[in-house]
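All remarks here apply to the structure that follows.
Here is the naming used below: chain letters follow the sequence lines, and residue numbers restart at 1 for every chain. Computed from a prediction, not measured in an experiment: that's the story for all the values here.
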Amino acid sequence: MFEIKNKRILNENVVLLEVYAPFIAKKAQAGQFIIFRVDEKGERVPLTIADYDRENGTITIIFQTIGKSTKRLAELNAGDYILDFVGPLGKASHFDGVKKACVIGGGVGCAIAYPQAKQLHEMGVEVDLIAGFRNKDIVILEDEMKAVSNRLIITTDDGSYGKKGFVTNALQELIDEGNRYDIVIAIGPVPMMKFLCDVTRPYKIHTMVSLNPIMIDGTGMCGGCRVTVGGETKFACVDGPDFDGHLVDFDELMRRNSFYKKEETRSANCRLMGGTENA
Amino acid sequence: MPNMSLNKLPMPEQDPNIRNKNFEEVSLGYTEEMAIEEANRCLNCKHKPCVNGCPVNVRIPEFIAEVQKGNFAEAYRIITSTNALPAVCGRVCPQESQCESKCVRGIKGEPVAIGRLERFVADWYMKNGTDKIEPIASNGHKVAVVGAGPAGLTCAGDLARKGYEVTIFEAFHDAGGVLIYGIPEFRLPKDIVKREIEKLKQLGVKIMTNMVMGKVLSVDELFEMGYESVFIGSGAGLPSFMGIEGEGLVGVYSANEFLTRINLMKAYKEDYDTPIKKSRAVAIVGGGNVAMDAARCAKRLGAEHVYIVYRRSEEEMPARLEEIHHAKEEGIEFMLLTNPNRIIGDENGLVCGMKCVKMELGEPDASGRRRPVEIKGSEFIVDVDSVIISVGTSPNPLIRSTTEGLEANKRGCLVADESMKTTKEGVYAGGDAVTGAATVILAMGAGKTAAESIDHYIQNQ
């Protein structure tokens, strides 16, 4: 059992939890993830580690409430317990030799982009951070992101805050201004990552994406998270979750992510209508 | 006077057309009377050939002699002196190629139903046994076991009985390894696995779940924490794919994913959140026990057609005879001498068929089995909406990739000698992590051997 030490509601759909998991906190690095299971009847769901506190033994997770499991998790409060919490899984991100980076987060993806930016910033790398949101109401982690970047550009689709437009436009502008990045790190919805890769491809800027495919065990056992990268089959849980975005077969990934769409909608609806409440 | 019937006493089973719609256990087990009747077929041979056929040397004629007398508790004591998981072994061991293959009664007629008797004794004891397991006084030495599957559980149990303080580190949220994520409820009820594990805990074995070794802790850190020796029984969980076109389509599973969703995550139960596809027609590629398990699960989830697609003939199938027989009874359709070469998807990337080619058997290959050869021009398409790939697994690389000095061969199997000693001081390994995918009982045998070696190693430090 893993105790929730702290809870913050970042926007109407995004929640931050600090979970007491001292073994994981000791080892966690940027780019890695955990798998949680709320209770006996819950699914095993992967979430990226947003932050860690080695001293206090806590792991911070930030998640959007979309399916039944994340909704259940969001209902818990400080002092409550999560049944299972396993990690740190996946490979840590490595940024050797990087001097200037552009880190881009889309929506809740900012929660994953943030620790990457933080690590780069702590290494003394010059970090431009682009954070894209649909509108002003769902902006998260603004202060945190500002603190770990040389320049923070917030974009909103409707122009209600920051710059109007998409993260792709903002990146293109920065490149056009003459910024030369050693790496672009793109984290967010799959279509966003795909389009960002299209922006960087002509400039041959190394572009790293963080993938979040369907997964059960997180140790390379089920093969559910397989993705095609450069024509090879890779398991995101052990070979990733970070990959060279220019090599990822995004269309296949989008198809595979819809594997259980029908079943998940049914499960979430049952819950909403009080159909199959867990004891 | 022995019972001279040429045949084993049949074990009652659920009707095939009822059981293929539920996840309850298929075989119902002997009654006391039936067990005694079958036990009376044992000739109590002096040279005990059956015992040599058992990887953990269960004292077979001795326990059967007690069953003959109705002393079931004593029979249980005899079995458990060498086998910590009798209710499991009585259900999933390939007895026909082990103990029962050596039985003298098998020369003329069928061998004694040793497996069914072992199962009976274990089940009887679970229901009626009264002995309390007393924790054993510690000898002050600590051993870490990686993986709570058959190898790890056996090694831990044997060491605990010798007085070692044993902690098992398990990656999943439940202990049992393949016994809980792989083998379905209808073949091995999870309650039975839980009870066997409960007994180990009573012996003093500690189990830490949610611990992915190689990630959260390294083998070297275990030594730093005061464990004097480490046993690695991490299994062979890395699924193989065939590398054919269409394996990334929606509706293609590895057998591991499919079975884990069903067995560990209870996707077949309405009140669990784990999603699973309800398919109309399913092809399982492969011919082992795992393929049979996947096929029978798919049938139980309601598929109209479930095909086993296997490139050799039934004779070469690695699955247990009983599983093949049960699968056929339940309506699983066997497509033998058939090899898939492409999975076909519709415009949305959903599986809608599988292109196969007919095979014939040529000269024997390295495995000693006749090599399947394609028959030119025999391609055809099977109409399916799910494909489950069950063509084998290899050891997970997580531990060896994070442990310096731990060597593996080119198939990814940890290198260990006959005493289960690895290339790293104080580290022992056994089961599928060393042999590649094999059987529960062989893994248990390896766990036993390792426990002996670890004891010897620590006592001679």
Side-chain angles (χ1 to χ4, degrees), chain A residues 2 21 23-24 26-27 32 35 37-45 67-69 72 83-90 214 216-228 233 235 238 249 251-264 266-268 270-271 276-279, chain B residues 170-174 181-182 208-218 221 234-241 243 247-261 264-267 269-278 345 348-350 389 393-399 401:
Chain A
F2 297 82
F23 278 110
I24 308 175
K26 218 170 146 184
K27 279 290 171 70
Q32 292 189 297
I35 286 182
R37 193 174 71 135
V38 173
D39 57 23
E40 175 58 34
K41 291 172 182 178
E43 272 185 273
R44 290 172 65 96
V45 180
K68 182 172 175 180
S69 302
R72 300 226 46 190
L83 182 59
D84 299 299
F85 205 74
V86 53
L89 299 166
I214 286 171
I216 311 180
D217 60 296
T219 63
M221 206 201 84
C222 78
C225 66
R226 59 190 184 279
V227 285
T228 305
T233 297
F235 291 171
V238 286
D249 183 339
D251 296 330
E252 182 190 78
L253 176 66
M254 281 188 261
R255 276 203 311 267
R256 285 189 59 80
N257 278 354
S258 69
F259 205 119
Y260 294 108
K261 213 165 185 176
K262 215 169 70 189
E263 289 77 8
E264 275 164 357
R266 192 182 305 137
S267 170
C270 277
R271 159 92 186 152
T276 52
E277 195 66 44
N278 293 341
Chain B
E170 164 58 38
F172 267 134
H173 53 253
D174 275 337
Y181 76 72
M208 289 184 74
T209 52
N210 293 316
M211 295 293 273
V212 179
M213 303 314 276
K215 281 285 173 192
V216 71
L217 286 174
S218 69
E221 282 170 309
S234 51
L238 193 70
S240 302
F241 289 89
E247 284 183 314
L249 291 165
V250 174
V252 182
Y253 298 91
S254 74
N256 265 1
E257 178 184 355
F258 186 70
L259 290 173
T260 302
R261 283 182 185 279
L264 178 75
M265 304 300 300
K266 308 273 181 267
K269 290 190 175 172
E270 283 290 319
D271 58 342
Y272 277 70
D273 295 346
T274 311
I276 191 102
K277 275 207 173 315
K278 295 266 193 296
N348 298 316
L350 271 63
I389 312 284
T393 54
S394 56
N396 193 307
L398 267 186
I399 290 176
S401 66

So what's closer than 4.5 Å to chain A heavy atoms on [X]: side chain, backbone, both or neither?
{"X": "B/Phe258", "value": "neither"}
{"X": "B/Met208", "value": "side chain"}
{"X": "B/Leu238", "value": "both"}
{"X": "B/Leu217", "value": "both"}
{"X": "B/Asn348", "value": "backbone"}
{"X": "B/Lys266", "value": "neither"}

Can you say whether [X] sits under 4.5 Å from chain B via the side chain, the backbone, both, or neither, judging by heavy atoms?
{"X": "A/Arg37", "answer": "side chain"}
{"X": "A/Arg255", "answer": "both"}
{"X": "A/Glu40", "answer": "both"}
{"X": "A/Phe2", "answer": "side chain"}

* **chain B interface, residue from A/Gly87, A/Gly223, A/Gly218, A/Gly220 that has the most non-hydrogen pairs under 4.5 Å** =>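 With the most close heavy-atom pairs to chain B, the winner is A/Gly220.
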* To do: Sort out for me which of A/Glu252, A/Gln32, A/Arg256 touches chain B most, counting heavy-atom pairs under 4.5 Å.
  => A/Arg256
Indicate yes or no: at least one non-hydrogen side-chain atom of [X] is less than 4.5 angstrom from one of [Y].
{"X": "A/Phe235", "Y": "B/Pro239", "value": "yes"}
{"X": "B/Glu247", "Y": "A/Thr233", "value": "no"}
{"X": "B/Thr260", "Y": "A/Asp217", "value": "no"}
{"X": "A/Ile216", "Y": "B/Arg261", "value": "yes"}
{"X": "B/Lys269", "Y": "A/Lys41", "value": "no"}

* Asked: Shortest non-hydrogen contact from B/Asp273 to A/Ser69?
  -> OD2-OG, 4.4 Å
* Counting N and O atoms only, with roles assigned by atom type, does the side chain of B/Asn210 sit under 3.5 Å from a partner on the main chain of A/Asp84, one being a donor and the other an acceptor? ->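 Side chain of B/Asn210 to backbone of A/Asp84: no pair is present.
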* Asked: In terms of heavy-atom pairs under 4.5 Å with chain A, which of B/Asp174, B/Leu350, B/Leu264, B/Val252 leads?
  ->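 It is B/Val252.
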* To do: Specify which of B/Ala171, B/Gly248, B/Ser254 makes the most heavy-atom pairs with chain A at under 4.5 Å.
  => B/Gly248
* **Test: B/Glu221 and A/Lys26 ion pair at under 4.0 Å** =>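 Looking at A/Lys26 together with B/Glu221, the answer is no, because their closest N to O distance does not fall below 4.0 Å.
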* OG-NZ distance between B/Ser218 and A/Lys27, expressed to the nearest 0.5 angstrom ->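 With rounding to 0.5 Å, OG (B/Ser218) is 5.0 Å from NZ (A/Lys27).
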